[in-house]
Amino acid sequence: MPEQVGQAVARERLRARLVELRRLSGLSPDAVTSRTHWSLSKLNRIETGAVTVQPLDAQALLQIYGIDDPGEVANLTDLAITARRRQWWSGFQLEPEVRDFVAYESTASRITTYQALHIPDLMQTEAYARTALTAAAGKKPDDPAVQGALELLQRRQTEVAARRPEIQAVLDGAVLERRVGGSRVMRAQLDRLVEVIGEGLMRIVVVPLRHGLIPGPGGGFELLGFPGVEDPDVVFVESPVRNLLVRDKDVIAGYHDAADTLIDSGLTRDAAIREIRRVRNDL
């Protein structure tokens, strides 16, 4: 494979190409499964991305679709191998949506995150994160579920920091005002935000409460972009009921618009630092 891609991107490229090749071949799903002796549900899971494709299964489909170009066969086989390769997050017990989100985040070159309820994950201090995760789980701080979630968050921070993607973080003013963990924890967290801005590690935008209601999403989301022009953006939407990984281009376009509106309405650089310090001084 001429370029290195991450697990999630490899999986999506392979899925999309297999669907495209089947349609170009003129074969119906029933016609394919009659030749492979698979169930229709197995082919459907492959084409929807619900399962990771075995390299041999990918090669079998390519043969059925009449693809004998050695370069394409090798490329798609490599994608299948990459998609199944064990990664650092494999040791965590994650629901599928979160697992896929972490896989995408691990190779994203652009990250735009918005939060109205808490400081974005990638810039949380350990004390703040532990308090927030404890509250979200409804358990004690030393509960294994809380500890596992904290370890995942910290590993995500480490991996993203090592890669240095372009990051924009938009914070609703209420996030700064909400005293997660008490004054001491919150002061340290706000100090960390000021450090991040000063170090230029990421662009932080603060939308103060005095700016009133801003059109856009009510909850949090993380919008991920990738270096390959063929790889579409994805959005991870947080919800107390069910997390959601969005791949629909039209829906994602709406999140781009919302992010642009929020960024245009917020404070950056020195103005953001002054706002953060103003809130800190009131703690």
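FYI, side chains are in, hydrogens and waters are out, and symmetry mates aren't considered; it's all heavy atoms of this structure.
Summarising the geometry, atom CG belonging to L224 is positioned 9.5 Å from atom CZ belonging to F236; distances are rounded to the nearest 0.5 Å. Put simply, CZ on R130 and OG1 on T125 are 11.0 Å apart, with the number rounded to the nearest 0.5 Å. Taken from CG in L122 to OG1 in T158, the straight-line distance is 10.5 Å, to the nearest 0.5 Å. Summarising the geometry, atom OG1 belonging to T131 is positioned 10.0 Å from atom CD belonging to E126; distances are rounded to the nearest 0.5 Å. Distance CG/L18 to CG/L62: 6.0 Å, rounded to 0.5 Å. Taking CG of D282 as the start and CG of L176 as the end, the distance is 11.5 Å to the nearest 0.5 Å.
Contact check for V234 versus V246: no side-chain heavy atoms found under the 4.5 Å cut-off. Counting only heavy atoms from C-beta outward, the side chains of I167 and V160 approach each other to under 4.5 Å. Contact check for V235 versus E222: no side-chain heavy atoms found under the 4.5 Å cut-off. You'll find the side chain of I119 stays beyond 4.5 Å of the side chain of V180, heavy atoms only. Within the 4.5 Å cutoff, the side chain of L76 has heavy atoms near those of the E72 side chain. Using a 4.5 Å heavy-atom cutoff, the side chains of V51 and I46 are in contact.
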Could you walk me through whether L27 and Y65 pass the side chain to side chain contact (heavy atoms under 4.5 Å, CB included) test, one step at a time? CA-CA 8 Å; L27 294 172; Y65 301 154; 4.1 Å; yes
Evaluate L209 against D172 for side chain to side chain contact (heavy atoms under 4.5 Å, CB included), listing each step before the verdict. CA-CA 7 Å; L209 293 175; D172 187 271; 3.8 Å; yes
Verdict with reasoning, I252 to L223, per side chain to side chain contact (heavy atoms under 4.5 Å, CB included): CA-CA 8 Å; I252 290 172; L223 174 60; 4.0 Å; yes
Does T77 form a side chain to side chain donor-acceptor pair (under 3.5 Å) with Q59? I'd like the steps, not just the answer. CA-CA 7 Å; T77 300; Q59 291 171 350; 3.2 Å; yes
Verdict with supporting geometry, V279 and L190, side chain to side chain contact (heavy atoms under 4.5 Å, CB included): CA-CA 8 Å; V279 174; L190 296 179; 4.1 Å; yes
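Annotation: side chain to side chain donor-acceptor pair (under 3.5 Å) contacts of T134 (sequence neighbours excluded): none. Checked against side chain to side chain donor-acceptor pair (under 3.5 Å), Q63 has no partners two or more places apart in sequence or in another chain.
In terms of heavy-atom proximity, T107 sits nearest to G6 at CG2-CA, 3.3 Å. Considering all non-hydrogen atoms of both residues, A80 and P55 come closest at CB-CA, 3.8 Å. Closest non-hydrogen pair, A116 versus A174, comes out as O-CB, 4.3 Å. The heavy-atom pair separating T82 from V5 by the smallest distance is CG2-O, 3.6 Å. The two residues A149 and L133 have their closest heavy-atom pair at C-CD1, 3.7 Å.
Put simply, the side chain of H118 never gets that close to the backbone of A132: no donor and acceptor are under 3.5 Å apart. Side chain of Q7 to main chain of A83: a donor-acceptor pair is present (N/O by atom type, distance under 3.5 Å, no hydrogens or angles). In terms of modelled atom types and a separation under 3.5 Å, the side chain of S90 and the main chain of R86 share no donor-acceptor contact. Side chain of Q189 to main chain of M123: a donor-acceptor pair is present (N/O by atom type, distance under 3.5 Å, no hydrogens or angles). Checking side-chain atoms of S183 against main-chain N and O of R179 turns up no donor-acceptor pair under 3.5 Å. Counting only distance, with no hydrogens or angles, the side chain of Q157 and the backbone of Q124 share a donor-acceptor pair below 3.5 Å. Side chain of R13 to backbone of D231: no donor-acceptor contact under 3.5 angstrom is found.
By the 4.0 Å N-to-carboxylate-O rule, D233 lies too far from R247 to be salt-bridged with it. With respect to the salt-bridge test (charged N to carboxylate O, under 4.0 angstrom), the residues R163 and E159 do not qualify. The residues R210 and E177 are annotated as not salt-bridged, no charged nitrogen and carboxylate oxygen being separated by less than 4.0 angstrom.
L24 and V19 fall into different hydrophobic clusters, where Ile, Leu, Val, Met, Phe, Trp and Tyr side chains are chained together by heavy-atom contacts under 4.5 Å. In terms of hydrophobic clustering, with Ile, Leu, Val, Met, Phe, Trp and Tyr side chains grouped at heavy-atom distances under 4.5 Å, Y128 and V146 are assigned to different clusters. The hydrophobic cluster containing I111 also contains L193, counting ILVMFWY residues as joined when their side-chain heavy atoms lie under 4.5 angstrom apart, directly or transitively. Taking hydrophobic clusters as Ile, Leu, Val, Met, Phe, Trp and Tyr residues chained together by side-chain heavy-atom distances below 4.5 Å, L21 shares a cluster with V32. Neither L153 nor V175 shares a network with the other; the hydrophobic side chains, linked directly or stepwise wherever heavy atoms of I, L, V, M, F, W or Y lie under 4.5 Å apart, form separate groups for each.
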What side-chain donor-acceptor pairs closer than 3.5 Å can you find for residues 97-105, not counting sequence neighbours?
from : atom 1 : to   : atom 2 : distance (Å)
E97  : OE1    : L245 : N      : 2.6
E105 : OE1    : R156 : NE     : 2.8
E105 : OE2    : R156 : NH2    : 3.0

Let me have the donor-acceptor pairs involving side chains of residues 194-208, under 3.5 Å, with sequence neighbours excluded, atom names and distances please.
from : atom 1 : to   : atom 2 : distance (Å)
E195 : OE1    : R192 : NH1    : 3.1
R203 : NH1    : Q168 : OE1    : 2.6

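Enclosure of atom CZ in R23 is not indicated, since only 12 or fewer non-hydrogen atoms of other residues, nucleotides or ligands lie within 6.0 angstrom. Counting non-hydrogen atoms of neighbouring residues, nucleotides and ligands closer than 6.0 angstrom, the CZ atom of R178 exceeds 12 such neighbours. For R84, the CZ atom sits in a packed shell: over 12 heavy atoms of surrounding residues, nucleotides or ligands are nearer than 6.0 Å. More than 12 non-hydrogen atoms from other residues, nucleotides or ligands lie less than 6.0 angstrom from CD of E151.
Among residue pairs with one or both ends in residues 36-49, those qualifying as side-chain hydrogen bond (donor to acceptor under 3.5 Å, both in side chains) are R22-E47, S39-S41, S41-R45, K42-D57; sequence neighbours excluded. Among residues at least two apart or in separate chains, there is no salt bridge (charged side-chain N to carboxylate O under 4.0 Å, His left out) pair with a member in residues 250-267.
Annotation: Y255 is in aromatic contact with F221 [ring centroid separation under 6.0 Å].
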